[in-house]
Amino acid sequence: MPTLKRPGDPLAPVKLAQFLLKPKHKISSLDDSIRILKVAADTKDLKLGKIIHAQLIISNQTSTDTDITRTNSLISLYVKCDQVSIARQLFDRMRKRNVVSWSALMAGYLHNDHALEVLGLFKSMVVVDNICPNEYILTTVLSSCSDSGRVEEGKQCHGFVLKSGMVFHQYVKNALVHMYSRCLEIEGAMHVLNMIPGYDIVSYNSVVNGLLENGHLKEAIEVLSMMVDDHVTWDSITYVTIFGLCARLKNLRLGLEVHGRMLKTEVECNAYVSSAIIDMYGKCGRIINAMKMFGCFQTRNVVSWTTVMDAYFQNGYFEEALNLFSKMRLEGVMPNEYTFAILLNSSACLSALRHGDLLHASAEKSGLKNHIIVGNALINMYTKSGNIEAANKVFTNMIKRNCITWNAMISGYSHHGLGKEALNVFQDMLAVGECPDHVTFVGVLSACAHLGLVQQGFYYLNHLMKQIGIEPGVEHYTCIVKLLSRAGQLDEAENYMRSVPVKWDVVAWRTLLNASHVHRKYSLGRRIAEIVVAMDPNDVGTYILLSNMYAKERRWDGVVKMRKLMRDRNIKKEPGVSWVEIRNTTHVFISEDSLHPESSQICKKVGELLAMIKPLGYVPDIAAVLHDVEDEQKEDYLSYHSEKLAIAYSLMKTPCEAPIRVIKNLRMCDDCHSAAKLIAKATNRMIIIRDANRFHHFKDGCCSCTDYW
DNA sequence: GTAGGGTTAG
């Protein structure tokens, strides 16, 4: 048969059908129709398959035996084209079925994530139709046991496989090894593997993957070295697995070695292998290698595109990740749910609300928005972009949720200082029977800290977590430090840190440092700052905080000392940068500079706003200004802080009912914080600022952080 | 005519 189907030609099936319908090529024999149906099934060409199906109905040849084989071919066609319900209808209408009919349908359910349906069919086949299962059936049934984690049924199959002698059949044996590996019965897997002389790479791959999937990296490496000892030749799947292992370990050296070894062999570098290599380089921080590999691979599909986007994302190149999307579309590659998840996360890291909105619409158009990972990424994007209401809307409308969905919403509310809402979501999570994990409790304990619920926080840590079986980590203990600190119990917080035997990290100490600053416990603060500086000598934030504390005590010697220390250690203060999205443009404001084209109008507006809020109680925090200048000038410096410029510009350019969303690179300063509260009140606007640590919702003269950040 | 191991997310 000549090659008729050119890739990408939508008329190809029609042309082929026309060709087949010409007299001399008319489907006359059984062989012809079955052969073409197989081609249609293998190429997933549903249109072609349906044409043949129609032909068969018209020609209506009814001998039962040929009917069975043809219907089996049709079942296989619909199954491979993901039309299991059509396949089931055909199956149900058959007057007589044979073992192939059953196995074709079972394979369909297996590959469409209905493993349990396969086990049900298996029972009916044996009990109702009294058919003896063959090696095809057992391979499929064992795979279904793997997918659904039904070890008991799998073991029963093992017994039957031993009795029938099918254990010597390679596919059956592999399915058995895979079943034990997936269900983490490694001894069972190794037993079957070693029982039969000679090795099989498929079984070895199953064992290694089973171990890796369950986090047993050490044992996986042991099996790999066993393979080296036994001179088992690695195939492309082994390489995919090992690159995955290197990626997880972030072990570049091993990755390079394996890549080098692969290049010396004849192993085919298909889309799976190339994606695994890109992923390995991306996760090991080698974005340049990842890009190079992506550029030179011929086999690019949606996964390799998505993997390279993820490599950019993982290494902090969010804009580059987003830019790849249009390039991918230009090559005619359709995104999948993973693509959207990564793009939305990139957009989240830029707080690019507008871009995120467009991606949301795009995901909806592609019919992918109902995937859990897309929903989760949407919640993450909206919370990080400052639109918590939109996040909640996505959350409420999700058809299916998992633990990560709940976590995203709980920690989202917590980051926005909405502790009550976070705890409500947590209660709902428990009510629907979703099991919390260690991430959930970080969000929950943070919420307790916001609300000052000391006892409740301790209850969650000491009882609920224990009850669920989650070992608290340093991140949870840090939440307790925050909890005590926020409640003003600073001495208790410090004692807690000194008495709990956990390896406290710099984050924990900085929590206590922040607390000392907020509660104006400056001598404690200076003591803690020493610890923080010792742990992280390059953290600018600590030096600034320490300077601030000295300044508030009017201890200018301390301020001078800090500035000298920063100079000596060559630590430069990152300039404050704020940005806002207005319609399609992002406007960037840098403290104390006048690069914006409308700079003078903006400064004028800031002046007006500050004059407007002075009668409401605004007092410029001139003590915080480090410059050696007169007090009036210090007031000027404060008014050029980037977030004030951004707020003023937004007020000039947006309609009066729209909320103002500002993103800032550093922690907000005290002065801007009190100014923002009063500007929100005076102008009757909602102002949402995302700083380096959290969200601040300013409304009616108050902030959601209750002045604690 | 039916069957086995693999890549991307939070």
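Throughout, a chain's letter reflects where its sequence line sits, starting with A, and its residues are numbered from 1.
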Euclidean distance, atom [atom1] of residue [X] to atom [atom2] of [N] [Å, nearest integer]:
X	N	atom1	atom2	value
A:Lys96	B:dG1	NZ	P	20 Å
A:Ile52	B:dG1	CD1	P	15 Å
A:Met94	B:dG1	CE	P	15 Å
A:Arg70	B:dG1	CZ	C1'	12 Å
A:Glu268	B:dT7	CD	P	16 Å
A:Asp147	B:dA3	CG	P	14 Å
A:Ile410	B:dG10	CD1	P	19 Å

Describe the nucleic acid contact of [X] in one word from base, sugar-phosphate, nothing, applying a heavy-atom distance below 4.0 Å.
X	answer
A:Ala41	nothing
A:Ser236	base
A:Thr241	nothing
A:His111	sugar-phosphate
A:Asn301	nothing
A:Ile201	base

Return all side-chain donor-acceptor pairs below 3.5 angstrom for residues 338-348 of chain A, not counting sequence neighbours, or 'none' if the list is empty.
{"residue": "A:Thr339", "atom": "OG1", "partner": "A:Thr306", "partner atom": "OG1", "Å": "3.0"}
{"residue": "A:Thr339", "atom": "OG1", "partner": "A:Asn336", "partner atom": "N", "Å": "3.0"}
{"residue": "A:Thr339", "atom": "OG1", "partner": "A:Asn336", "partner atom": "O", "Å": "3.3"}
{"residue": "A:Thr339", "atom": "OG1", "partner": "A:Asn336", "partner atom": "OD1", "Å": "2.9"}
{"residue": "A:Asn345", "atom": "OD1", "partner": "A:Asn380", "partner atom": "ND2", "Å": "3.1"}
{"residue": "A:Asn345", "atom": "ND2", "partner": "A:Ala341", "partner atom": "O", "Å": "3.1"}
{"residue": "A:Ser346", "atom": "OG", "partner": "A:Ile342", "partner atom": "O", "Å": "2.9"}
{"residue": "A:Ser347", "atom": "OG", "partner": "A:Ala352", "partner atom": "O", "Å": "3.2"}
{"residue": "A:Ser347", "atom": "OG", "partner": "A:Gly356", "partner atom": "N", "Å": "3.3"}

For the side chain of [X] and the base of [N], is some donor closer than 3.5 Å to an acceptor across the two?
X	N	result
A:Asn98	B:dG1	yes
A:Asp200	B:dG5	no
A:Ser275	B:dT7	yes
A:Tyr171	B:dA3	no

Any donor-acceptor N/O pair, A:Asp437 side chain to A:Val439 backbone, under 3.5 Å: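 It does hold such a pair.
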Side-chain heavy atoms of A:Leu350 within contact of A:His355, under 4.5 Å: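 A:Leu350 vs A:His355: side chains apart.
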Aro-ring/base stack A:Tyr272-B:dT7, d under 5.5 Å, angle under 30°: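 A:Tyr272 vs B:dT7: stacking no.
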Among [options], find the nucleotide with the atom closest to the side chain of [X].
X	options	result
A:Ala104	B:dT2, B:dA3, B:dG6	B:dT2
A:Val100	B:dG5, B:dA9, B:dT2	B:dT2
A:Ala107	B:dG6, B:dG5, B:dT2	B:dT2
A:Thr307	B:dT8, B:dG10, B:dG1	B:dT8
A:Lys283	B:dA9, B:dG1, B:dT2	B:dA9
A:Asp310	B:dG5, B:dT8, B:dG6	B:dT8
A:Asn270	B:dG6, B:dT8, B:dT2	B:dG6

Any A:Gln170 side-chain N or O less than 4.0 Å from OP1/OP2 of B:dG5: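 Looking at the OP1 and OP2 atoms of B:dG5, neither is under 4.0 Å from any side-chain N or O of A:Gln170.
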A:Ser76 side-chain N/O to B:dT2 phosphate OP1/OP2 under 4.0 Å: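 A:Ser76 to B:dT2 OP1/OP2: side-chain N or O found under 4.0 Å.
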Neighbours of DNA chain B within residues 372-381 of chain A, by heavy-atom distance under 4.0 Å: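 Correct list: A:Ile373, A:Asn376.
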